[in-house]
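Have a look at the structure below before the remarks.
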Amino acid sequence: MKKLQDKILSDGKVLSESVLKVDSFLNHQIDPPLMQAIGEEFALRFKEDGITKILTLESSGIAPAMMTGLVLGVPAIFARKRKSLTLVDHLYTASVHSYTKNETNDISVSKDFLQKDDIVLVMDDFLANGQAALGLLDIVEQAGSKLAGIGIVIEKGFQPGGKLLRERGIRVETLANIASLENGKVSFFEEANTR
Ligand code: 5GP
(Lines give C-alpha, C1' and ligand atoms only; values in the text may rest on other atoms or scores of the structure.)
Protein backbone atom coordinates (compact mmCIF):
# COMPACT_ATOMS: atom_id res chain seq x y z
CA MET A 1 0.00 0.00 0.00
CA LYS A 2 1.78 3.05 -1.35
CA LYS A 3 0.35 5.55 1.13
CA LEU A 4 1.55 3.46 4.09
CA GLN A 5 4.98 2.86 2.60
CA ASP A 6 5.42 6.60 1.99
CA LYS A 7 4.44 7.30 5.60
CA ILE A 8 6.93 4.71 6.87
CA LEU A 9 9.67 6.28 4.74
CA SER A 10 8.87 9.84 5.84
CA ASP A 11 7.96 9.32 9.53
CA GLY A 12 9.29 5.89 10.59
CA LYS A 13 12.45 5.74 12.68
CA VAL A 14 14.84 2.84 12.34
CA LEU A 15 15.92 2.06 15.91
CA SER A 16 18.13 -0.91 15.01
CA GLU A 17 18.50 -3.48 12.25
CA SER A 18 15.39 -5.20 13.57
CA VAL A 19 13.14 -2.54 15.12
CA LEU A 20 11.14 0.18 13.39
CA LYS A 21 9.49 2.92 15.42
CA VAL A 22 6.22 4.26 14.08
CA ASP A 23 5.03 6.17 17.14
CA SER A 24 3.97 9.20 15.16
CA PHE A 25 1.16 7.47 13.21
CA LEU A 26 0.44 3.98 14.56
CA ASN A 27 1.88 3.10 17.97
CA HIS A 28 1.34 6.25 20.03
CA GLN A 29 -0.07 9.15 18.04
CA ILE A 30 -2.52 7.80 15.47
CA ASP A 31 -3.14 9.15 11.96
CA PRO A 32 -6.91 8.73 11.43
CA PRO A 33 -7.05 9.22 7.63
CA LEU A 34 -4.23 6.70 7.22
CA MET A 35 -6.04 4.26 9.54
CA GLN A 36 -9.17 4.74 7.47
CA ALA A 37 -7.28 3.92 4.27
CA ILE A 38 -5.79 0.85 5.99
CA GLY A 39 -9.26 -0.27 7.09
CA GLU A 40 -10.59 0.16 3.56
CA GLU A 41 -7.71 -1.85 2.10
CA PHE A 42 -8.15 -4.78 4.49
CA ALA A 43 -11.91 -4.70 4.00
CA LEU A 44 -11.39 -4.89 0.23
CA ARG A 45 -9.02 -7.83 0.53
CA PHE A 46 -11.31 -9.81 2.85
CA LYS A 47 -14.73 -8.73 1.61
CA GLU A 48 -15.61 -12.12 0.12
CA ASP A 49 -14.71 -14.11 3.24
CA GLY A 50 -17.86 -13.74 5.31
CA ILE A 51 -16.02 -12.24 8.27
CA THR A 52 -18.13 -11.78 11.40
CA LYS A 53 -15.46 -10.64 13.91
CA ILE A 54 -12.04 -9.03 13.89
CA LEU A 55 -9.63 -10.10 16.61
CA THR A 56 -6.54 -8.11 17.56
CA LEU A 57 -4.29 -7.42 20.52
CA GLU A 58 -4.24 -4.29 22.68
CA SER A 59 -3.18 -1.64 22.18
CA SER A 60 -1.61 -0.99 18.79
CA GLY A 61 -3.83 -3.38 16.84
CA ILE A 62 -7.00 -1.58 17.92
CA ALA A 63 -6.93 1.37 15.50
CA PRO A 64 -6.49 -0.64 12.27
CA ALA A 65 -8.87 -3.36 13.53
CA MET A 66 -11.56 -0.85 14.36
CA MET A 67 -11.33 0.88 10.99
CA THR A 68 -11.50 -2.46 9.19
CA GLY A 69 -14.48 -3.44 11.32
CA LEU A 70 -16.17 -0.16 10.48
CA VAL A 71 -15.87 -0.78 6.74
CA LEU A 72 -16.83 -4.49 6.95
CA GLY A 73 -19.64 -3.71 9.41
CA VAL A 74 -18.46 -6.18 12.07
CA PRO A 75 -17.22 -5.83 15.68
CA ALA A 76 -13.53 -5.61 16.54
CA ILE A 77 -12.39 -7.44 19.68
CA PHE A 78 -9.03 -6.78 21.32
CA ALA A 79 -7.38 -9.45 23.44
CA ARG A 80 -6.21 -8.03 26.74
CA LYS A 81 -2.65 -8.42 27.98
CA ARG A 82 -1.86 -9.26 31.59
CA LYS A 83 1.36 -10.42 33.20
CA SER A 84 -0.42 -13.41 34.65
CA LEU A 85 -4.06 -14.34 34.78
CA THR A 86 -5.83 -15.75 37.80
CA LEU A 87 -9.56 -15.73 37.18
CA VAL A 88 -9.78 -17.48 33.83
CA ASP A 89 -13.16 -19.22 34.01
CA HIS A 90 -14.94 -17.21 31.40
CA LEU A 91 -11.90 -16.44 29.27
CA TYR A 92 -10.00 -17.90 26.37
CA THR A 93 -6.32 -17.41 27.24
CA ALA A 94 -2.96 -17.85 25.51
CA SER A 95 0.64 -16.97 26.24
CA VAL A 96 2.56 -14.55 24.01
CA HIS A 97 6.27 -13.91 24.21
CA SER A 98 7.46 -10.55 22.94
CA TYR A 99 11.05 -10.57 21.68
CA THR A 100 11.07 -6.77 21.36
CA LYS A 101 10.07 -6.27 25.01
CA ASN A 102 11.56 -9.53 26.26
CA GLU A 103 8.48 -10.39 28.30
CA THR A 104 5.72 -12.95 28.23
CA ASN A 105 2.11 -11.90 28.66
CA ASP A 106 -1.03 -13.90 29.05
CA ILE A 107 -3.64 -12.62 26.62
CA SER A 108 -7.34 -13.15 27.09
CA VAL A 109 -10.69 -12.77 25.38
CA SER A 110 -14.06 -13.14 27.07
CA LYS A 111 -16.03 -16.18 25.92
CA ASP A 112 -18.95 -13.78 25.39
CA PHE A 113 -17.43 -12.40 22.21
CA LEU A 114 -16.20 -15.34 20.13
CA GLN A 115 -18.36 -18.30 19.24
CA LYS A 116 -18.26 -21.42 17.06
CA ASP A 117 -20.15 -19.80 14.21
CA ASP A 118 -17.79 -16.81 13.95
CA ILE A 119 -15.48 -16.28 10.99
CA VAL A 120 -12.51 -14.35 12.26
CA LEU A 121 -9.99 -11.98 10.73
CA VAL A 122 -6.96 -11.76 13.03
CA MET A 123 -5.11 -8.45 12.82
CA ASP A 124 -2.03 -6.78 14.29
CA ASP A 125 0.16 -3.75 13.73
CA PHE A 126 3.44 -5.65 13.18
CA LEU A 127 4.44 -9.17 12.24
CA ALA A 128 7.94 -10.10 13.37
CA ASN A 129 8.44 -13.55 14.89
CA GLY A 130 4.76 -14.41 14.73
CA GLN A 131 4.24 -14.96 18.46
CA ALA A 132 1.40 -12.46 18.83
CA ALA A 133 -0.39 -13.92 15.79
CA LEU A 134 0.04 -17.47 17.10
CA GLY A 135 -1.45 -16.46 20.45
CA LEU A 136 -4.47 -14.97 18.70
CA LEU A 137 -4.84 -18.08 16.51
CA ASP A 138 -4.77 -20.19 19.65
CA ILE A 139 -7.74 -18.19 20.97
CA VAL A 140 -9.66 -18.57 17.69
CA GLU A 141 -9.07 -22.32 17.91
CA GLN A 142 -10.24 -22.52 21.53
CA ALA A 143 -13.44 -20.71 20.56
CA GLY A 144 -14.00 -23.19 17.72
CA SER A 145 -14.33 -20.23 15.33
CA LYS A 146 -13.18 -20.32 11.72
CA LEU A 147 -10.08 -18.35 10.72
CA ALA A 148 -10.40 -16.32 7.50
CA GLY A 149 -6.83 -15.05 7.57
CA ILE A 150 -4.46 -12.59 9.14
CA GLY A 151 -4.19 -8.90 8.30
CA ILE A 152 -0.94 -7.19 9.25
CA VAL A 153 -0.18 -3.51 8.80
CA ILE A 154 3.63 -3.83 8.71
CA GLU A 155 5.40 -7.14 8.17
CA LYS A 156 9.12 -7.39 8.76
CA GLY A 157 9.65 -9.99 6.07
CA PHE A 158 13.26 -10.56 7.09
CA GLN A 159 12.02 -12.06 10.38
CA PRO A 160 10.48 -15.55 10.50
CA GLY A 161 6.81 -14.90 11.45
CA GLY A 162 5.36 -14.55 7.95
CA LYS A 163 6.99 -17.73 6.67
CA LEU A 164 5.95 -19.66 9.77
CA LEU A 165 2.29 -18.70 9.36
CA ARG A 166 2.13 -19.12 5.55
CA GLU A 167 3.75 -22.56 5.81
CA ARG A 168 0.78 -23.56 7.93
CA GLY A 169 -1.45 -22.66 5.00
CA ILE A 170 -2.73 -19.49 6.65
CA ARG A 171 -3.58 -16.53 4.45
CA VAL A 172 -1.48 -13.56 5.58
CA GLU A 173 -2.16 -10.16 4.02
CA THR A 174 0.33 -7.38 4.75
CA LEU A 175 0.13 -3.77 3.60
CA ALA A 176 3.86 -3.05 3.81
CA ASN A 177 6.48 -5.77 3.80
CA ILE A 178 9.90 -4.65 4.95
CA ALA A 179 12.87 -6.42 3.39
CA SER A 180 15.56 -4.74 5.46
CA LEU A 181 16.28 -2.08 8.07
CA GLU A 182 20.02 -2.18 7.47
CA ASN A 183 22.13 1.00 7.61
CA GLY A 184 19.26 2.95 9.15
CA LYS A 185 17.26 2.64 5.92
CA VAL A 186 13.88 1.02 5.27
CA SER A 187 13.54 -1.04 2.11
CA PHE A 188 10.44 -2.93 1.02
CA PHE A 189 9.84 -6.16 -0.85
CA GLU A 190 8.65 -5.31 -4.37
CA GLU A 191 5.39 -7.26 -4.29
CA ALA A 192 4.05 -5.05 -1.50
CA ASN A 193 4.40 -1.98 -3.74
CA THR A 194 1.33 -2.63 -5.82
CA ARG A 195 -1.29 -0.35 -4.24
P1 5GP B 1 5.82 -10.94 16.92
O2 5GP B 1 4.91 -11.54 17.95
O3 5GP B 1 5.38 -11.21 15.51
O4 5GP B 1 7.26 -11.29 17.15
O5 5GP B 1 5.78 -9.38 17.14
C6 5GP B 1 4.60 -8.67 16.93
C7 5GP B 1 4.37 -7.67 18.03
O8 5GP B 1 5.58 -7.07 18.49
C9 5GP B 1 3.49 -6.58 17.51
O10 5GP B 1 2.27 -6.65 18.18
C11 5GP B 1 4.23 -5.30 17.83
O12 5GP B 1 3.58 -4.66 18.89
C13 5GP B 1 5.60 -5.69 18.29
N14 5GP B 1 6.68 -5.40 17.32
C15 5GP B 1 7.48 -6.32 16.73
N16 5GP B 1 8.41 -5.74 15.98
C17 5GP B 1 8.18 -4.40 16.05
C18 5GP B 1 8.84 -3.26 15.48
O19 5GP B 1 9.84 -3.32 14.71
N20 5GP B 1 8.31 -2.05 15.79
C21 5GP B 1 7.25 -1.91 16.61
N22 5GP B 1 6.80 -0.68 16.83
N23 5GP B 1 6.63 -2.97 17.18
C24 5GP B 1 7.09 -4.20 16.91
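In each ligand, atom 1 is the first atom listed, and ligand 1 is the first ligand listed. All values below come from the heavy atoms of this structure, side chains included, with hydrogens, waters and symmetry mates left out. Values in this document were obtained by computation on a predicted structure and should not be read as measured data.
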key: Arg168, CZ: over 12 other non-hydrogen atoms inside 6.0 angstrom   = no
The answer for which part of Asp124 has a heavy atom under 4.0 Å from ligand 1 is side chain
Is there side-chain contact between Ile178 and Phe189, with heavy atoms separated by less than 4.5 Å? no
Task: Main-chain N/O of Ser187 paired with Ser180 side-chain donor or acceptor, under 3.5 Å - done: no
So is Gly135 touching ligand 1 or not, going by heavy atoms under 4.0 Å?
no
Ranked by distance from atom 5 (O) of ligand 1, the top protein heavy atom is Ala128 CB, 3.7 Å
Ring pair (Phe, Tyr, Trp, His ring centres under 6.0 Å) filter on Tyr99, not counting sequence neighbours, yields His97
### Task
For Lys146 and Asp117, run salt bridge (Lys or Arg N to Asp or Glu O under 4.0 Å): C-alpha distance rounded to whole Å, both residues' side-chain angles, the deciding distance at 0.1 Å, then the answer.
CA-CA 7 Å; Lys146 186 174 166 229; Asp117 55 356; over 6 Å; no
Note to self: Check this for me - ligand 1, Gly130, N or O atoms closer than 3.5 angstrom, yes or no?
What the structure shows: yes
### Task
Check if Leu57 has a non-hydrogen atom at a distance under 4.0 Å from any atom of ligand 1.
no
* Taking the side chain from Gln115 and the backbone from Lys111, do they hold a donor-acceptor pair closer than 3.5 Å? -> yes
Atom 20 (N) of ligand 1 sits nearest the protein heavy atom Leu20 O, 2.7 Å
Any heavy atom of Asp125 under 4.0 Å from ligand 1? The part involved is side chain
**Item:** Charged N-O contact under 4.0 Å between Lys7 and Asp31
**Value:** yes
Is there a donor in the side chain of Gln159 and an acceptor in the side chain of Lys156, or the other way round, less than 3.5 Å apart?
yes
Among non-hydrogen protein atoms, atom 4 (O) of ligand 1 lies closest to Asn129 N, 2.7 Å
protein heavy-atom neighbour closest to atom 14 (N) of ligand 1 works out as Phe126 CB, 3.8 Å
Any heavy atom of Ser60 under 4.0 Å from ligand 1? The part involved is neither
So for Lys156 against ligand 1, with non-hydrogen atoms under 4.0 Å, the contacting part is side chain
among protein heavy atoms, the one nearest atom 2 (O) of ligand 1 is Ala132 N, 2.8 Å
Between Ser98 and ligand 1, does any nitrogen or oxygen pair lie at a separation below 3.5 Å? no
ask   = Under the 3.5 angstrom rule, does the side chain of Asp118 hit a backbone N or O of Ser145 as a donor-acceptor pair?
value = no
Taking Asp23's backbone N and O only, do any of them form a donor-acceptor pair with Gln29's side chain (distance below 3.5 Å, no angle check)? no
**Side-chain donor-acceptor pair present, Ser95, Asp106, cut-off under 3.5 Å** = yes
Going by the 4.0 angstrom heavy-atom rule, the piece of Val19 near ligand 1 is both
Atom 22 (N) of ligand 1: closest protein heavy atom, distance to 0.1 Å, is Asn27 OD1, 2.8 Å
re atom 13 (C) of ligand 1, the protein heavy-atom contact at minimum distance is Thr100 OG1, 4.0 Å
A student checking ligand 1 against Gln131 at a 4.0 Å heavy-atom cut-off should list atoms 1 (P), 2 (O), 3 (O)
So is Ala133 polar-close to ligand 1, meaning N/O to N/O under 3.5 Å? no
Here the atoms of ligand 1 under 4.0 Å from any heavy atom belonging to Ser18 are 19 (O)
Q) Do any N or O atoms from the side chain of Lys81 and from the backbone of Glu58 form a donor-acceptor pair under 3.5 angstrom? A) yes
